[in-house]
Each structure stands twice: as structure tokens, then as C-alpha cells.
Amino acid sequence: MSMAVAASLRSLARRRPRLRLPAAPLAVPGARAAFLSGAAEEAAADAAAAPPAPGRKVLESFREEFEIGGRSIAFETGKMARFANGSVVISMEDTNVLATVAAAKSSEPVRDFLPLTVDYQEKQYAQGVIPTTYMRREGAPKERELLCGRIIDRPIRPLFPPGFYHEIQIMVNVLSSDGKQDPDVMAANASSAALMLSDIPWNGPIGVIRVGRIDGNFVLNPTVHELGLSDLNLIYACSRDKTLMIDVQAREITERDLQAGMKLAHSEAIKCIDPQIRLAKRAGKEKKEYKISLISDTSYEKIRNLSEAPIEEVFTDSSYGKFERGEALEKITQSVKAKLEEENDEDSLKFLSKAVDTVRKQVIRKRIIEEGLRLDGRQLDEVRPLYCESNTYPILHGSALFSRGDTQVLCTVTLGAPGDAQRLDSIVGPPTKRFMLHYSFPPFSINEVAKRGGLNRREVGHGTLAEKALLAVLPPESDFPYTVRVNSEVMASDGSTSMASVCGGSMALMDAGIPVREHVAGVSVGLVSLVDPTTGDFSNYRILTDILGLEDHLGDMDFKIAGTRKGITAIQLDIKPAGIPLDIICESLEPARKARNQILDRMDQEISTARAINDGSGPRLATLSFSSDSLRKLLFHRKTIEKATGARVSVSDGTVTIVAKTQPIMDKAIEKVEFLVGREIEVGRTYKGIVSSIKEYGAFVEFNGGQQGLLHISELSHEPVSKVSDILTVGQVLSLMCIGQDVRGNIKLSLKATLPQPRKKDVKSKDPLPSQEVGWAAVENMPSVGADAEPSSSKHEDGTAEAPAFSTPSVIIRSEADCDAQDVANGPKKRAKVAKSSPRPYKAPSKCQEVRTATAKKAPGTTKKTKKVKIEESGSDGLETSGSDVPEQTASNTLDLKQSPVNFQSGSMKLGDVVTAKVYQIRALGLVLELSDGARGMHKFEENGQKEFEVGQELLVKCQSFNAKGIPVFSLLD
């Protein structure tokens, strides 16, 4: 409490002079000195109360810079992660990657392998993005992160000393990325530098580089954009004189060009080695003495003497299969173990498994190198027997079974919509991937029991290798928009299941109807060598084609090469010794090419070209284009359509893609999409609609995404209809044909156009039928006139070309019933006016439509002709009429074109009526015509087609249409 009071008093003492200064100016002599003395005391009190200022920490960092391919690269240490056993930040332009390494202090006594773990992580902050996950955090490692970890692991692992079994963990974090450089190669170099700086025994450093090829020229460390233009993506890792790792994705590059690329890569990659050595001398730790678990020479000789002879006997018997051979070798191990237990030799028992494995390796190497004989009795360059089968399961989109020896793989293909593409959250590269190959290695394939977990590094690596091999022959997305997923299920494994996945996947793609250019095959090449223990040089070696699983385990390398007859598409090299000379690697390409061609020949015998995509159970794909505004409804109802139809619907950039298993499902999905979103109205096309309201003159129908159309009473049936409600009810679903628009832009629909035409009876009447109703039918339902009927094409009087008889139907402006109803309302002596309905306005398509009208026959037996007449009338918007052919007329009912109809009244005039009219007035754009009852009509001159007319001149004319005021518009017939 006293301390708090004292602090309050000091605070008041410090504040008192400041409060009194403005009110009490210094006027007394000596007061200024007293005030200064008080200020000094106050400053001293403040200094005593304030904490000491922190010192400035100096971070000593070391930096080494070098240049490859015109790009500057720098290693830096000492600034970040100072507690790690070794830490390095590598920089290239604005991309920075941190690599750290740590080692366990002791190793488990029973361990006989190197527990090396590489964790590569790309966090979204490196590109300035917040993760889109629910928790807004990075989750489990993605496929790309696992693959980059393998790129780092594969060249580093062989360089640890034998017997070093301490747990090692390398962690790599991308600190920043400019999106130009792929950080994977930088991460491998940084991991090598971190190991050099640590106290962990390691026989490095290594250099890693990426090489591309654009227009035939090799590019060192290409950017992500340049890789998109390159036909080669080569990642090459090496020590100063030997190759450690190769990873290739190419577009059918030849073996010769690949050798040139690898030699260039080696000469450039070693430029990364000297900067690491210099950095280690400046800032590296002294190597620590770690415990090495090695078997003594005495124990090894004892185990070798007990096991060598029976092992040779097993390896010389080529009749053994994989499991029979494994059981025989296991019995030998158990026999040696029993003898050592009798002798109580604990030291030998501790290393028994490793020692027996070493004896096996020595026996098989001696047999292959000295005698040229392999475990199964094959020649060194001989491929195992092949079995190929396509269309294994016809119900699938594509399937194939491929066997090479005892290795068997079932590959299936599933096709999907573009929206099914895999989304990638990588900081570099494309955002999606439309081709995926998923490799699965179940434990039953090797007759073992194991738990199935999540993503497996080995499965991801093998699947990606096969995926890269097949990607080179896929058609471009513009030609084949499907998303493709290949599943490779390993049924039995005895060596190189990844290359079997390439072969089976290629056949399955063709079986699915995917137009791949040609087959892709793969084979694994092995190496057995004798190395001088003093110099490390290869004294003798043999290259093995199509290696078994045991040859892979006991050999020196697993060189997987896939490609077509034209060249290589993918490579993956894994080795066990501390490097292999590049000359031996290049020598292995030729036997791989010969074996690959043999496999391709066998695959071509089974299936050589892609099947039709709609054969069997292949899915159907349809792409529809809409405006962005039209797709808003679909975004909310997409899941509903998928649930109702079973189709897959994806929406992107104004395009709707539908994928369905069968054609009926596809038709149903398209119908629902078009009904919801709507399509551009096309005359003559059939739409499904729902009756929304019923009027006396017809019904309004909602169709095509909520648009309104008028179904007039005259378009309900081929027979006369007295009441609309007798046929239609509200909510009824109808299939209607669009027959055009009226002058106001209202969409006119027809039900009778979708109904079959009734049989017409022959009318044998000599009297003309001026008021015969003109039937308007869709072009799909036009009846054939006769065997001699041919589509005609002539010119109309206004100069427009007459269309063939079976062209697109046109637009009807008004029906006969409209005219009759208005005539009854206005009386027979009044000028006809058109009663118009008012459905929701519709913006018509901009392209000009044309009119089809029926023409009367001039003689018996002549064929039916149709015309396209472009409507040009005052008050109209350039819309057209629509109709179909009139029923065929005979000589008995043919209209006499030289006389007017008997008892003619203008109020009962209909489309197609032929009358005689007098020229009442001549105007600039046309004629005013006077009919026999005093009513008037009009005729419009065609462009540059005006003739000489006289007032009072009689003309034979035909009623072509009515304008907005109901005035008939005539065309000249003579």
C-alpha cells in the first residue's frame, strides 16, 4: 500500500510544475535557477524508474551466390531457424525456400533401415492467399507436396553411410513465391546445403536442376510459363561424377535428344555443389560421431557359410514362382537362426536378417554377371509373357486387364464433365487437372495383411508417373472436353506395377473411346554391378530388361521408362548405390526401347484404335451456351436437376455442360435446363410448357425459362374448337411448337402443329371455295403431296427468293379466327380490326425471319409449292408470318384466278383470298386499292420495282397479310 502511495506522490510532484507554468511567469530573480534544478531532479527520477533499453541483436548470416542459366541463386544461413541442426534459405528472384534438418540423438538397436522423413509444405501465405478450407488452415499434405518430398528424398537417401540408422527429418517450407519458379528443385538444393551445414554424416553435396526444351533449344531452370511451351520437363540430380536421380515428363522425345539433355543437365547441376562446400566451410558444424550399426566380419562369415549354398540352390531353380521362392528363402533364414540360437550367438542373431539379405545379393549378382542367368531363367533382355484384354467389364466406360509375367493390373476409365476436374491448391501451375490416374496397391496383391490408410507416398508417386506417361497422347481439351479418371488396381505384384499401369491405362483409354493418338507402353530396366570398394568405380555390370520384384530389391537401380514408338513420355530413376555413371544410364535406354516396342505390338493386337464413344455404356456429353444473366436460376437449381435426372451438370463462364449415362437421361436433363433457363426462341422448335391462364380466345403458356406465349384457340386442334376450357386446364403440361410472333412481339404457339394431320376427304365441288381455311402446320408434320413433289425455289414478286418446300417454318401474324371474331363484333360493313392478345413482351431474335404462304394450284396434278415472303408493312417490326402448305387442291376446287369471289365481302377476307381490285390512288411507296364493295387495301412497291399504273386500272391481287390497323395488304398476281 505504501508503495502505491509513494508512486502517486511522485506522479503529482512531476505534474505540479507543468500545471503552474502557464499561470505563473518567472518574475522573481533566482526563480529560473530554482525551476531548472527541479526539472533536473524530475528527469533523474524518470530515468531511475524506466527499465533499461534492450540491446541490439546482431544476426550473423552467411551467403553464397552463383548463377545457372542466367538466373541468380543464393544460399543463406544464420538468419533463420538457428536452433536447427542445419538450416538454409535458398532464393531465386522473389521465391524463397527454407530447408531444415534434424537428427535423433540415438538409434534403436533393432533397426536395420534409415528412417529418413522429408516433409515439404506449401502454405498459402507464400502467395498472399488465405486458404479456402472451413478452418482457413492448411490440412493434410496434398499430392504435390508428397511428390516434391519424393524429389528431395530420392537423391539424398543413397548418400548416407551404411549402418547409419538414426532418425532424420528434413522439413522444407516455401516462404514466398512469385509464381514464376517451381520451388521443388530449389527445395532439393536447399536440403542438400542444410545437410552439409549439419553435424550429420552424409556423403554430399548434390546438385539438382530442371531442363526444358522449347523449339528444339534446351532451357535451364525454365519458368512455369516456359514449361507450358516446353516438350521436356527433366529434373536431374547428381554428385560431381555420378547420376543420383532422374524424373522426366516429355512429349515423345527421342532417346538421342534425351541423352543430350541429361549431359547438359549434369554439366550445369554441378555448379550447385561448390557454393554448398564454401558455405559449409564458413558456417558448417563439425561432423559428429554417430553410432553405426554394422555386422562384424566374423558374424557375417558365419552366416554366409550357413546360408550361401542353399540360397544358390534356390536361385538356380527357375521353376520357383515368387511365393515359392520366398518361402524357400524364409526356410533357409529360419534354419540359420536355429543354429545360431543353439550356439547362443547374440551378436549374429541381431544382424541375421540383414546378413542373409546381403548373402542373397552377392549370390544373385555373381550368377547374373558371370553366367548371364536370371532368377526365372530368362535372357538379360527378354520380356516376360504378356496378356492383354480390353473391354473386360463392358458396363464400365472403359476397362482393360494387363499382365506381364505374374504382375497383373486392372485399369478402368471413368468419364465426367469438365466441372469434375480436380482442383489444385498449388502455389504454381494450373488451378485444375482434367486427367487423373489413381494407382492403388492393395496388400492382397502380395498376399499380406495390412491396414489401408490415407494417401501413400509410393502410390501417389507411381500413379503420377503413369499419369505423366499417358498425358502426352491425350487429345486437347478443345477436341475432347471430358474429365478423365483412370483407376489402376494392382491385382498381383512381381515387379514394375507402375509400368503395367501405363500399358493397361493406354488400352482402357482406347476402350473408353478417347481418341488417343497411339498406345503408350512402359518397362523397367535394372542394373547389377560390381563396384571396387577402394575407388567406388564400376568394375563390371549387367543391364536387365523387365526386372522381377526380387531383382529390383537385390539390384542397383529401378529405371522406369515409358513412351510410344516415336519417343519417351515419362522416366523415373531410383538407385541404391551412391550414384551411377551417366554413361550406363544412357546405355539402358536402347534395351528399354526394344522391349517397349515388343509390348506395343502385343497391345495393338488387342485394340489399336479408339472405340466410338457412344458405344456400350459410354456417357453422353452436351454443352449449352447461355448468357450470364440466364444462368442465375440454374445455379440455385442445379442440384435439383441432378437429383431428378441422375445427370451431372456443371456451370462455368456462360457454358452449361451435361454428362449423362444414357441418351434418355441426357434428353431429360436438357429439357429441364432449357425449361428453367430458356433458350433463344426458334420458329419450328417444340417446347414444353405449362398452361398458366385460360382466356376466351386462347391460353397463356409459360415455357422456356419463364417466358409467356399465346396458344390461340385456332391452334389447339385441326378440328374447330368452340371453347378453350374443353381442351385445356390450368397447370396442364403441353408440348407446343413455336410458330412465330405477332406484330407486338408476342410469342405464338401451336398445339395442332405437333399433332398428326387428319386424313382429308376429296372434295369434288365445281364451285370455288374462297373462304376455305388455310391450315398451318410445322415442317416436320408436312404431308407428302406425291411422288413427283419436289422442293421448289423461285422468286417472289417483291424479289425475295422463294424457299424450298421443306425449309424452316415461318411466323403467322394473325389467324382466321381472329379476323372472324372481330368481324362479328364490328359488323359486316365495317372495316376489319384485329383483336390482339397481350402476353408478356418477348424480345425477338435479331435475325430476319421469313414467311411461308400457300399458293393455289393452277392446274390439276401440279405439285404443291410454298413461298417465303418477307413482311413489310406499316406498324410492324419486321416480323413474319408462318404457315404450312394448304391441302392439295383438285380441278374441282381450284380457284378461278380471273374473277372475284361470288358475294365477296371485305369483312370476311382471309389470308390467301384472290380478288380483283381497282387502283384508287398511286402513292410514292405503293398503291391504294379499292375492292368491289368499296373497302380499300394496299399494295407496297418492292425496291426498284415500281411499274406503270393508272387510276381505275383493274388488278388481280392476293391477300398477303394485314397491317396493325387491320387493313389488308395485297400482292400482285399478274
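On a predicted model such as this, the values are computed, not experimentally measured, just so you know. Positions are given from 1 along the sequence.
A donor-acceptor pair is defined here as one N or O able to donate and one able to accept, closer than 3.5 Å; such a pair exists between the side chain of Lys752 and the backbone of Ser714. A distance-only check finds no donor-acceptor pair linking the side chain of His712 to the backbone of Gly698 [under 3.5 Å]. For the pair Arg638 (side chain) and Val649 (backbone), a donor-acceptor distance under 3.5 Å is present.
Within the 4.5 Å cutoff, side-chain heavy atoms of Phe949 are placed close to those of Phe941. Side-chain contact between Lys940 and Val969 is absent, with no heavy atoms from C-beta onward closer than 4.5 Å. No side-chain heavy atom of Pro431 sits under 4.5 Å from any side-chain heavy atom of Arg423. The side-chain heavy atoms of Ile739 and Val683, taken from C-beta on, include no pair separated by under 4.5 Å. Residues Leu621 and Pro481 meet the side-chain proximity criterion, which asks for heavy atoms closer than 4.5 Å. Looking at heavy atoms from C-beta onward, Lys918 lies out of side-chain contact with Gln953 at the 4.5 angstrom threshold. Here the side chains of Val957 and Leu973 are not in contact, with every heavy-atom distance at 4.5 Å or above. Inter-residue side-chain proximity for Val656 and Thr623 is flagged as unmet; no heavy-atom pair is nearer than 4.5 Å.
Atom SG of residue Cys738 and atom OH of residue Tyr687 lie 6.0 Å apart, to the nearest 0.5 angstrom. Distance CZ/Phe700 to CG/Leu728: 13.0 Å, rounded to 0.5 Å. Atoms CG and CG, on Leu415 and Asp420 in that order, are 10.5 Å from each other to the nearest 0.5 Å. Here Leu734 contributes atom CG and Gln732 contributes atom CD; the two are 4.5 Å apart, rounded to the nearest 0.5 Å. For the atom pair Leu736 CG and Glu715 CD, the distance stands at 10.5 Å (nearest 0.5 Å). The distance from the CG atom of Leu929 to the CD atom of Glu954 is 11.5 Å, given to the nearest 0.5 Å.
Here the closest heavy-atom approach between residue Ser971 and residue Gln960 is recorded as CB-OE1, 3.8 Å. When all heavy atoms of Ser750 and Thr754 are compared, the pair lying nearest together is O-CG2, 4.2 Å. The minimum heavy-atom distance linking Gln708 with Ile747 is given by the pair O-CD1, 3.8 Å. When every heavy atom of Ile658 is checked against every heavy atom of Ala647, the shortest pair comes out as CG2-CB, 4.0 Å. Of all heavy-atom pairs between Pro418 and Thr657, the closest is CD-CG2, 3.2 Å. Taking both residues in full, the closest heavy atoms of Tyr697 and Val724 are given as C-CG2, 4.3 Å, listed atom of the first, atom of the second, then distance.
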**Message:** What verdict does the side-chain contact (heavy atoms from CB on, under 4.5 Å) test give for Val733 and Val691, after you've listed the backbone C-alpha separation in whole Å, the side-chain angles of each residue and the deciding distance to 0.1 Å?
**Reply:** CA-CA 7 Å; Val733 179; Val691 178; over 6 Å; no

**Request:** Step by step, work out the side-chain contact (heavy atoms from CB on, under 4.5 Å) result for Ile690 and Val730.
**Result:** CA-CA 8 Å; Ile690 300 176; Val730 176; over 6 Å; no

**Audit row: Val484, Leu474, side-chain contact (heavy atoms from CB on, under 4.5 Å) steps and yes/no** = CA-CA 10 Å; Val484 183; Leu474 285 180; 5.6 Å; no

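In summary, Asp913 and Lys958 do not engage in a salt bridge, as defined by a charged side-chain N under 4.0 Å from a carboxylate O.
In this structure Leu925 satisfies the side chain to side chain contact (heavy atoms under 4.5 Å, CB included) test with no other residue, sequence neighbours excluded. Annotation: salt bridge (charged side-chain N to carboxylate O under 4.0 Å, His left out) contacts of Lys688 (sequence neighbours excluded): Glu671.
The 12-atom threshold is not exceeded at CZ of Arg648, counting heavy atoms of other residues, nucleotides or ligands nearer than 6.0 Å. The number of heavy atoms from other shown groups lying within 6.0 Å of OH (Tyr920) does not exceed 12.
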